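Have a look at the structure below, then the notes.
All chains are named by letter (A, B, ...) in the order of the sequence lines, taking the proteins before the strands, and each is independently numbered beginning at 1. Not measured: the values here are computed from a predicted model.
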There are 2 protein chains.
Amino acid sequence: MKENVSGCSVEEAMRLLGGRWRLLLASFLLDGPKRFNELRRHVPNISQRMLTLDLRALEEAGLVKRTVYPEVPVKVEYSLTVEGERLRKIVSVLQEFGLWLKDRKTAT
Amino acid sequence: MKENVSGCSVEEAMRLLGGRWRLLLASFLLDGPKRFNELRRHVPNISQRMLTLDLRALEEAGLVKRTVYPEVPVKVEYSLTVEGERLRKIVSVLQEFGLWLKDRKTAT
DNA sequence: CGGAATCCCTTCCGATACTG
DNA sequence: CAGTATCGGAAGGGATTCCG
């Protein structure tokens with residue numbers, strides 16, 4: 001079955017991006033590099049822990065690059081890699097859908 | 001902040017579609033209406049339970065329509081609503097990304 | 001055929017405290 | 001500033017059994 005091949009690929013994609021925060025974080029990184037606490041401010045509800053874990057996951061997947069500037073105090077910057085740019089379409093399509101969801105609720 | 005508005009919309013979208021199976025199920029329904037056990041065959045790893053729960057969630061969101069034909073034995077068909085067609089772009093973008101993920105692993 | 005009900009395990013995620 | 005460590009609760013999901 002050919003459908004299973006493309007089907008599984010949706011599953012794989014969701015396994016990587018399916019968490020609560022990952023695509024949300026990506027949406028901010030698409031605007032440009034961000035520091036750790038800068039991301040926290042953009043996403044007030046995320047805990048330090050999840051911010052770290054999710055950034056690590058995206059890094060491991062090669063979508064995000066972590067750069068440490070050895071100043072005092074340390075400065076760490078997260079940016080999308082070239083491959084991470086592939087998230088742009090996903091984020092934008094999901095944003096559009098999410099906005100439609102909200103409008104529909106409001107409109108009742 | 002404007003970014004928070006669009007940001008939250010990503011979160012909302014993921015809250016509805018973020019599970020392991022929902023978009024996968026949608027991807028098959030995009031091909032046309034399917035019966036319960038037909039969907040099970042397409043997605044062999046899903047349990048009855050999750051199939052039911054996820055279909056119900058999509059139904060409640062107005063994206064899927066459930067039609068019962070009162071034959072013996074019963075026949076139940078699931079189809080996308082007009083609004084459910086909005087999932088097409090999401091699924092296709094995610095399929096593309098998932099395929100890229102797999103290719104990358106294979107290529108190593 | 002298309003479920004519902006129950007039980008149980010795993011993963012996600014938040015809160016808190018501590019660190020170089 | 002940018003983390004790590006640990007704990008505990010909540011949610012996601014699987015296996016099995018029973019039903020109209």
Side-chain angles (χ1 to χ4, degrees), chain A residues 7-8 10-29 32-61 64-80 94, chain B residues 7-8 10-29 32-61 64-80 94:
Chain A
C8 280
V10 171
E11 222 181 320
E12 289 239 0
M14 289 307 287
R15 183 174 301 283
L16 175 60
L17 305 175
R20 180 173 174 189
W21 307 111
R22 294 183 184 182
L23 283 174
L24 191 52
L25 292 174
S27 79
F28 292 113
L29 291 178
K34 299 275 179 297
R35 300 181 57 172
F36 189 83
N37 282 325
E38 200 173 352
L39 284 170
R40 282 186 78 180
R41 279 190 294 279
H42 280 297
V43 191
N45 289 328
I46 198 172
S47 64
Q48 257 168 357
R49 173 188 149 83
M50 290 315 296
L51 183 50
T52 302
L53 288 179
D54 285 340
L55 286 171
R56 291 286 186 278
L58 293 172
E59 192 189 350
E60 190 177 1
V64 162
K65 171 142 165 274
R66 178 172 179 268
T67 311
V68 181
Y69 299 93
E71 312 169 353
V72 184
V74 237
K75 171 178 169 183
V76 178
E77 221 177 50
Y78 293 91
S79 55
L80 287 184
L94 241 42
Chain B
C8 281
V10 171
E11 223 180 318
E12 289 239 359
M14 289 306 287
R15 182 174 303 283
L16 175 60
L17 305 176
R20 179 172 174 191
W21 307 110
R22 295 184 184 180
L23 283 174
L24 190 53
L25 292 173
S27 79
F28 292 114
L29 291 178
K34 299 275 178 299
R35 298 181 60 172
F36 189 82
N37 281 326
E38 201 174 351
L39 284 170
R40 284 186 76 179
R41 278 190 294 278
H42 281 296
V43 191
N45 290 327
I46 197 171
S47 63
Q48 272 167 342
R49 174 188 146 84
M50 290 314 297
L51 183 50
T52 303
L53 288 179
D54 284 339
L55 286 171
R56 290 286 186 281
L58 293 172
E59 192 188 352
E60 191 177 0
V64 162
K65 172 141 165 273
R66 177 172 179 268
T67 312
V68 181
Y69 299 94
E71 312 168 351
V72 184
V74 237
K75 172 180 169 183
V76 179
E77 220 177 49
Y78 292 92
S79 55
L80 286 184
L94 241 43

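- Taking atom CG of B:Leu51 as the reference point, atom P of D:dG12 lies 17 Å away to the nearest angstrom.
- In this structure, A:Leu24 places its CG atom 15 Å from C1' of C:dC13, rounding to the nearest Å.
- Residue-level contact check: A:Val74 touches the bases, meaning some heavy atom is under 4.0 Å from a base atom.
- Distance, A:Arg49 CZ to D:dT6 P: 12 Å, rounded to whole Å.
- Rounded to whole angstrom, the span from the CE atom of A:Met14 across to the P atom of D:dG12 amounts to 12 Å.
- Between B:Tyr78 and C:dC1 there is no side-chain polar atom (N or O) within less than 4.0 angstrom of OP1 or OP2.
- Among the atoms of the strands shown, none is found under 4.0 Å from any heavy atom of B:Arg40.
- Across all strands, A:Arg22 comes closer than 4.0 Å to no nucleic acid atom at all (heavy-atom distances).
- Using a 4.0 Å heavy-atom cutoff across all strands shown, B:Gln48 reaches at least one base atom of the nucleic acid.
- More than 12 heavy atoms of other residues, nucleotides or ligands lie within 6.0 Å of CD in B:Glu71, so this atom counts as buried by the packing criterion.
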Review point. What do the steps show when you test B:Leu16 against B:Arg22 for side chain to side chain contact (heavy atoms under 4.5 Å, CB included), and what is the final call?
Key: CA-CA 8 Å; B:Leu16 175 60; B:Arg22 295 184 184 180; 4.3 Å; yes

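- With contacts defined as side-chain heavy-atom distances shorter than 4.5 Å, the pair A:Glu11/B:Trp21 qualifies.
- The interatomic distance linking A:Leu53 (CG) with D:dG3 (C1') rounds to 11 Å, in whole Å.
- Atom C1' of nucleotide D:dG12 and atom CZ of B:Arg56 are separated by 18 Å, given to the nearest angstrom.
- Among the candidates B:Leu39, B:Val76, B:Leu80, the single residue satisfying the side chain to side chain contact (heavy atoms under 4.5 Å, CB included) test with B:Lys34 is B:Leu39.
- If you check D:dG13, C:dG14, C:dG2 against the side chain of B:Trp21, the one that comes closest is D:dG13.
- For A:Arg66, the listed nucleotide lying nearest its side chain is D:dG3; candidates were D:dG13, D:dG3, C:dA4.
- Set against D:dC1, C:dC13, D:dG20, the side chain of A:Arg20 has C:dC13 as its closest nucleotide.
- Straight-line distance from the NZ atom of B:Lys75 to the P atom of C:dG2: 9 Å, rounded to whole Å.
- In the set C:dC13, C:dG2, D:dG14, the nucleotide with an atom closest to the side chain of B:Val76 is C:dG2.
- Where A:Pro73 and A:Thr52 each meet DNA chain D at their nearest nucleotide, the meeting point lying more 5' is that of A:Pro73.
- Rounded to an integer number of Å, the gap from CZ of A:Phe36 to C1' of D:dT4 is 10 Å.
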Review point. Can you check side chain to side chain contact (heavy atoms under 4.5 Å, CB included) on A:Met50 and A:Leu53, steps first, answer last?
Key: CA-CA 5 Å; A:Met50 290 315 296; A:Leu53 288 179; 4.1 Å; yes

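- Nearest nucleotide to the side chain of A:Ser47, out of C:dG14, D:dG13, D:dG3: C:dG14.
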